[in-house]
Structure formats: structure tokens, C-alpha cells
Amino acid sequence: MTEWILPCRPASENEKDNNVYRYDIDAAYESGKPIYWLQHNRFEEGDYVYIYESSPSKKIKYLFKVISTYIPAEEIDYDEAYENMHYEPLEDDVFAEFIGIGKYSCTGLSFNDLKNHGLKGNLQGAIKLTGELREYIKRFCFI
């Protein structure tokens, strides 16, 4: 099992019709339904994914669990799965399926907090959690 941090930049109103991969992560989590994320990383079933909202909150907001991987776009029911995703999938896209585990409303998981506990650089893509940063985040964990 691997733990990841994934940055998410929610779609603003003027971006919702553009072909840019954005998520209404709040609505997706609140729906209680699984979400689908482009499979750019080596997610495996059972992995945990902390979703970091890059704006406006600039903090970890959610914890999801990977329940399925390498799902071809054509196998997904678009009406159900993409209602909170503002992206038109390409024919050869492959997705991982996540289910929400918990929502963080506490302090302590901001970008500055993460930097002070081992995050190196910016969150511009998925990173595997290790070392001090992993131990720090797990103090706030639902698992």
C-alpha cells in the first residue's frame, strides 16, 4: 500500500467548459460516489490518496482510497462518473477509481505546514508519501 498526495485545482466558473482537467472536488466528495482520476501514476488498489486543494484553501482537504485501477475511459458511465469532472476524456485515457474516506477541516495540513514537515518543492503532481512528511500527515489521519 502506498500513500499519495494529489494536487487538485478546482474548476472555476470560466473554466468549466474548457477541455482542462479540473474537478469540483467538494461536490465529488459530498456525492458519496466513487470518483475517477486520470491514471498517470502507478496507483494500486488499496492505496490512499490525500487530495490537496491548490486554491483557494492551499491545504489537504480529503482522503480517498483507490478501489480500482487502469479503467479504460470507454468502460465508465460518463453521465454518472463525470458530473463533477470538467474534462472531456480522450479515447485512450485510463482512470483509477477512488472512494472518499474522510474530509479534513482541521488546521495543520496547509502548504506551509507540509513544507515545514518535509515537503520538498511545490505540489505540481502526485507524490508518494515517505519519511517525516508521511508521519506528520498520518497524525491527522482517518486510517
Side-chain angles (χ1 to χ4, degrees), residues 1-16 18-73 75-90 92-143:
M1 181 213 39
T2 302
E3 294 163 287
W4 303 82
I5 296 178
L6 273 178
C8 177
R9 182 173 155 229
S12 65
E13 284 304 316
N14 63 346
E15 293 176 314
K16 289 186 177 181
N18 295 340
N19 195 24
V20 177
Y21 189 68
R22 301 282 187 251
Y23 239 109
D24 184 343
I25 195 65
D26 295 320
Y29 177 82
E30 295 301 327
S31 77
K33 299 174 188 173
I35 67 169
Y36 295 86
W37 203 276
L38 279 170
Q39 178 94 32
H40 290 302
N41 302 89
R42 293 195 169 139
F43 301 125
E44 295 180 7
E45 288 181 30
D47 286 358
Y48 288 94
V49 178
Y50 297 90
I51 301 292
Y52 171 86
E53 183 183 67
S54 58
S55 66
S57 68
K58 297 181 180 161
K59 68 176 194 171
I60 291 176
K61 287 188 72 174
Y62 300 102
L63 176 62
F64 284 82
K65 185 174 185 176
V66 178
I67 57 175
S68 189
T69 58
Y70 298 100
I71 304 165
E75 291 183 14
I76 299 172
D77 177 0
Y78 291 101
D79 294 337
E80 184 85 10
Y82 295 106
E83 68 182 276
N84 296 309
M85 185 193 313
H86 306 287
Y87 169 78
E88 185 65 36
L90 303 174
D92 60 344
D93 280 346
V94 178
F95 292 85
E97 183 179 23
F98 303 165
I99 192 73
I101 300 293
K103 179 178 181 176
Y104 294 99
S105 57
C106 60
T107 59
L109 293 172
S110 71
F111 180 76
N112 286 336
D113 294 321
L114 301 176
K115 289 286 281 187
N116 289 335
H117 290 90
L119 177 65
K120 300 193 184 347
N122 291 320
L123 281 164
Q124 296 180 334
I127 62 167
K128 288 183 182 181
L129 283 178
T130 60
E132 178 188 354
L133 182 59
R134 179 180 180 272
E135 295 307 313
Y136 175 72
I137 291 172
K138 287 192 73 69
R139 291 181 14 204
F140 301 89
C141 197
F142 299 106
I143 54 173

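Worth knowing before you read on, the calculation uses all heavy atoms, side chains too, and leaves out hydrogens, waters and symmetry mates. Remember, predicted model here, so these are calculated numbers, not experimental data.
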Show the nearest heavy-atom pair for residues [X] and [Y], with the distance to one decimal.
| X | Y | value |
| --- | --- | --- |
| Gly121 | Phe111 | O-CZ, 3.9 Å |
| Tyr48 | Leu63 | CB-CD1, 4.0 Å |
| Tyr104 | Phe140 | CE2-O, 2.8 Å |

Legend entry - Aromatic plane relationship, Phe98 with Trp37 - under 30° parallel, 30 to 60° tilted, over 60° perpendicular: parallel
Listing, residues 123-131 side-chain donor-acceptor contacts under 3.5 Å, not counting sequence neighbours, or none:
none

Inset, instruction - Identify which one of Leu109, Ile25, Leu6, Leu114 satisfies the side-chain contact (heavy atoms from CB on, under 4.5 Å) criterion when paired with Tyr52. - result: Leu114
Legend entry - Heavy-atom side-chain contact between Thr69 and Asp47 under 4.5 Å: no
Legend entry - Side chain to side chain, Tyr29 and Ile35, heavy atoms closer than 4.5 Å: no
Legend entry - Donor-acceptor pair, side chain of Glu3 and main chain of Ile5, under 3.5 angstrom: no
Legend entry - Gap between atom CH2 of Trp4 and atom CG of Asn41 - 0.5 Å precision: 4.5 Å
Inset, instruction - Can you measure from CD (Glu53) to OH (Tyr62) and round to the nearest 0.5 angstrom? - result: 7.0 Å
Inset, instruction - Applying salt bridge (Lys or Arg N to Asp or Glu O under 4.0 Å), name anything that partners Asp26, two or more places apart in sequence or on another chain. - result: Lys61
Inset, instruction - Could you tell me which residues satisfy salt bridge (Lys or Arg N to Asp or Glu O under 4.0 Å) with Glu135, sequence neighbours excluded, listed by chain and number? - result: none
Legend entry - Residues which pass side chain to side chain contact (heavy atoms under 4.5 Å, CB included) with Ile67, listed by chain and number, not counting sequence neighbours: Pro34, Glu97, Ile99
Legend entry - Those residues that, when tested against Arg42, pass side-chain hydrogen bond (donor to acceptor under 3.5 Å, both in side chains) (two or more places apart): none
Inset, instruction - Mark yes when over 12 heavy atoms from residues, nucleotides or ligands other than Lys58 sit less than 6.0 Å from its NZ; otherwise mark no. - result: no
Inset, instruction - Would you mind listing every side-chain hydrogen bond (donor to acceptor under 3.5 Å, both in side chains) that reaches into residues 105-117, with sequence neighbours excluded? - result: Ser110-Asp113
